[in-house]
Amino acid sequence: MSFKDKVVYQIYPKSFQDSDGDGWGDIRGIITRLDYLKELGIDCIWFNPMTVSPQRDNGYDVADYRAIDPRYGTMEDFAELSREAHKRGIDIMFDMVFNHTSIEHEWFKRAIAGETKYKNYYIWRKGKAPGVPPTNWQSKFAGPAWEYAEAFDEWYLHLFDPTQADLNWENPDVRQECADIVNFWRSKGVHGFRFDVVNLISKYTVDEDDPNNFDGRQFYTDGPHVHEYLKELAARSFGQDPDSITVGEMSSTTMDNCISYSGEETGELSMVFTFHHLKVDYKNQMKWELQPFDFKALKKLLSDWQTGMQEGKAWNALFLNNHDQPRALSRFGNDREYRKESAKMLATVIHMMRGTPYVYMGEEIGMTNAGFTDIRQYVDVESTNIFKVLKEQGKSEEEIYHILQERSRDNARTPMQWDDSLNAGFTSGTPWLQVCDRYKEINVKNDLEDPDSIFRYYQKLIQLRKENKVIQEGTFRQLLEDHTSVFAFQRTLGTEDVVVLANFYGNEAEITLDLTGYEMALSNIGRTDSDITVLKPYEAAVLIRR
Ligand code: GLC
C-alpha cells in the first residue's frame, strides 16, 4: 500500500466502546463506531493488542498471539470487524509485541517446567551472588530488569514488568515463530502491523553493568542484529504483501538507524515512531521530573527529523499522542481558554509535515488529560509503580499527584467521550478506568453538531492531504527558525508549495514572511486573508501557492 496519502487512527480497544456493559471496550462496540471513523476520513485503524493477556500491561503482556481475548470478543467478531472496516475502505493494523511475552504464555510456562527448547526462547543468566541479579539494569517500569527463577537458580531478563519476559531473538526458532504469527494474522486479512519496541530485540550484551545504574539501554537499543532480523522477518512475512503497511516503535533510537529501519530500499519497515520530540518537557531527560516544554528544542527536533529522514529517503510516522503519552493538548496547548484553537493548531503541525499522520482516539474532539486526584483511580502499572518509588524518595503525595496528572499514561487511556450521558456513552456498566470528568463539555456528539468543531477541522486536514500531492510528498524546509513562539515550515513539490504557520502560545506573534501569491487553504480561526503579519493566540494557517 502506498502510505504517503494515508492517515492512521489509533484505537485503544479497552476504552473505545463497550457493547455488553462489562465496562471494557470490545470488538462489537468498535463495529458500531466504524461509520464515525469513515466520516472522519481515515484509511487505517491501528488497534492496541486485543489478544489473550493477563492485562498486567493492558495487553502488552501477550499470553496467546493467535487468539482474541474473550473480553474483546471472538475470532468471528474480529472477522466481522475486518469485513465491515474493509467495506468502508478502512484497513486494519495489528500490534505485534515481539520483544517479550507474558510469563503466562505457553512458551514461558514450558520453559519454567524445564523444557530446554523453550528455555532457550528467553534470556537467562546466573546471579552475581545469591539474591543479586546478573546486572544492575533497571526495568523501564522501575525495579530490577531481572527476575529470579528458583527452578533454575537463574534470572530471566525483563526490560519491562517482571511478567513480561524478553524473548531471545538470537534463537532462530523465536524468529520463525514471530514470522509465523505475522502470517497467521495476514491470513485473517490484516495488512498493517505495528511492531512494539522493536529496536530492543537484539542485545549487544546482557552481561555488563550500566555504569550509571540506569536501565542499561546502551546495551540493547538498536542492537547488532536488529536490521538483519527485521529484513528476515519482512522476507518471511509482510514483505511478501505489496499492500502491507508497517511501523516500528523505536525507543531512544538514532537517525541513522531509522533511515535503515524505514528507508525506501532497505527492505525493513514502512515507517518509524520516534520519541525525541516528546521528551522536551522532561527535566534532565527524566520522565518523572517536570519542566515547561522547551519550544526551541521541539522545533529543532521536529525539523531535524523531517529533513534528516527526507535526505535518507526514509519515512516518519507523525504523532503527538498515543496510549503512552499524556494528551498533547494538555501538554503543548491550552486545554481551557484555547482548547479548540490549540487542539487545531497542534493537529495542523502534525498533518502538514512529511510522513504519515496518526490520530489517537479522542484527539479529534480535543480530549484532555484525565485529571485524576487519587491513586486508586490509576490502573497503569508504570504509574502505580512510580507512585511508590517517588514516595520512597520522600516526595509528598501532593507533588506526586501533580506529576502523575502531567505524565501518567492513564491520562490518554480514559474512555472515549461519545456524548453527555452516563460514562460518556462508553459503557452502561462501570468503566475499567474512570471517564474524564469534562465529558459533558467535550464529546463526539457536540463536535458533530458544531460546524466549527475540532472534529470538522481534522476532517479538513485529512482532506487537504488527500487532495494535494505536495502535502503527501513535498520536501520540508523550516521557516522562521529563530522565532520564539511560532513553528513555521514550507513544503514544496514542483511548482506547488505550502506554507504552514503555527503559534504555540497564547499571545499574539509577529511574523515577517513574504506571502504574496499564497491563498489561505485552512485557518483555525476563520481567517481568509493571506497577508499575515500577526498571528493570534494559538493560530495556525495553511497557505498554498500553485
Ligand atoms: C510499548 C507500548 C507500551 C508498553 C511497552 C511494553 O512502549 O506502547 O504501552 O507498555 O511497549 O510492551
Side-chain angles (χ1 to χ4, degrees), residues 49 51-67 69-70 96-181 184 196-198 200-210 213-217 219-221 223-225 229 380-382 384-385 388-389:
T51 40
V52 173
S53 157
Q55 296 288 320
R56 173 79 182 149
D57 187 20
N58 286 357
Y60 285 93
D61 44 336
V62 179
D64 185 348
Y65 289 100
R66 290 185 171 81
D69 194 300
M96 299 284 111
V97 188
F98 287 160
N99 177 67
H100 43 264
T101 73
S102 163
I103 57 170
E104 310 258 313
H105 194 287
E106 196 199 333
W107 301 337
F108 194 84
K109 288 194 197 153
R110 293 175 77 166
I112 281 285
E115 281 187 54
T116 314
K117 172 175 161 75
Y118 291 104
K119 193 175 171 214
N120 289 335
Y121 274 34
Y122 298 91
I123 301 170
W124 305 86
R125 288 293 186 274
K126 288 279 176 215
K128 281 183 187 159
V132 185
T135 69
N136 64 353
W137 301 1
Q138 295 294 299
S139 98
K140 308 242 181 215
F141 294 158
W146 296 91
E147 185 77 3
Y148 183 65
E150 221 181 318
F152 310 121
D153 184 27
E154 282 178 352
W155 302 66
Y156 64 84
L157 180 71
H158 61 87
L159 299 182
F160 294 87
D161 189 69
T163 66
Q164 293 167 298
D166 275 54
L167 281 166
N168 173 18
W169 271 71
E170 280 174 32
N171 179 346
D173 292 345
V174 166
R175 306 205 298 273
Q176 189 57 49
E177 295 267 17
C178 291
D180 291 347
I181 293 163
F184 172 83
D196 189 59
V197 290
V198 75
L200 311 184
I201 56 176
S202 165
K203 279 81 173 163
Y204 285 98
T205 174
V206 297
D207 299 308
E208 273 183 51
D209 272 343
D210 184 327
N213 211 4
F214 292 148
D215 61 4
R217 66 180 62 171
F219 300 118
Y220 56 73
T221 304
H225 303 293
Y229 293 162
D380 173 29
V381 50
E382 183 191 45
T384 51
N385 282 353
K388 287 183 219 136
V389 171

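All values below come from the heavy atoms of this structure, side chains included, with hydrogens, waters and symmetry mates left out.
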Once you measure the plane-to-plane angle for [X] and [Y], does it fall in the parallel (<30°), tilted (30-60°) or perpendicular (>60°) bin?
| X | Y | answer |
| --- | --- | --- |
| Tyr121 | Trp107 | perpendicular |
| His100 | Phe160 | tilted |
| Tyr156 | Phe108 | perpendicular |

Restricting to non-hydrogen atoms, name the atom on [X] and the atom on [Y] that form the minimum distance, rounded to 0.1 Å.
| X | Y | value |
| --- | --- | --- |
| Thr135 | Trp146 | OG1-NE1, 2.8 Å |
| Pro144 | Pro133 | CB-CG, 4.5 Å |
| Cys178 | Trp169 | SG-CZ2, 3.7 Å |
| Lys203 | Leu200 | NZ-O, 2.9 Å |
| Lys140 | Glu382 | O-OE2, 4.2 Å |
| Tyr122 | Tyr118 | CD1-O, 3.5 Å |

Taking the side chain as every heavy atom from C-beta outward, state whether Glu177 and Thr101 have any pair of such atoms under 4.5 Å apart.
no
For a 4.5 angstrom cut-off between non-hydrogen side-chain atoms, does Tyr148 reach Asp153?
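Of all side-chain heavy-atom pairs linking Asp153 with Tyr148, at least one is under 4.5 Å.
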With sequence neighbours left out, write down each residue that passes salt bridge (charged side-chain N to carboxylate O under 4.0 Å, His left out) with [X], or none if nothing qualifies.
| X | answer |
| --- | --- |
| Asp173 | Lys117 |
| Glu147 | none |
| Asp180 | none |

Side chain to side chain contact (heavy atoms under 4.5 Å, CB included) with Asp57: which of Val381, Asp161, Thr163?
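Result: among Val381, Asp161, Thr163, Val381 is the only option passing the side chain to side chain contact (heavy atoms under 4.5 Å, CB included) with Asp57.
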[X] side, atom [atom1]; [Y] side, atom [atom2] - distance, nearest 0.5 Å:
| X | Y | atom1 | atom2 | result |
| --- | --- | --- | --- | --- |
| Ile181 | Arg66 | CD1 | CZ | 5.0 Å |
| Asn385 | Phe141 | CG | CZ | 8.5 Å |
| Thr205 | Tyr220 | OG1 | OH | 13.0 Å |
| Gln164 | His105 | CD | NE2 | 13.5 Å |
| Leu159 | Ile201 | CG | CD1 | 12.0 Å |
| Gln176 | Asn171 | CD | CG | 11.5 Å |

Evaluate whether atom CD of Glu106 has more than 12 neighbouring non-hydrogen atoms of other residues, nucleotides or ligands under 6.0 angstrom away.
no
Would you say [X]'s side chain and [Y]'s backbone share a donor-acceptor pair under 3.5 angstrom?
| X | Y | value |
| --- | --- | --- |
| Ser102 | Ala63 | no |
| Asp166 | Ile123 | no |
| Asp210 | Trp137 | no |

Ser53: what forms a side chain to side chain donor-acceptor pair (under 3.5 Å) with it, not counting sequence neighbours?
Asp61
Taking the basic N atoms (NZ, or NE/NH1/NH2) and the acidic carboxylate oxygens, is any pair closer than 4.0 Å for Glu154 and Lys119?
yes
Strictly below 4.0 Å, N to O, side chains only: are Asp209 and Lys128 in salt-bridge contact?
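Judged by the 4.0 Å cut-off on N to carboxylate O distance, Asp209 and Lys128 do form a salt bridge.
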With Phe184, which residues qualify under ring pair (Phe, Tyr, Trp, His ring centres under 6.0 Å), at least two apart?
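So Phe184 forms no ring pair (Phe, Tyr, Trp, His ring centres under 6.0 Å) with any residue.
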Which residues satisfy the side chain to side chain contact (heavy atoms under 4.5 Å, CB included) test with Val62, sequence neighbours excluded?
Thr51, Tyr65, Val97
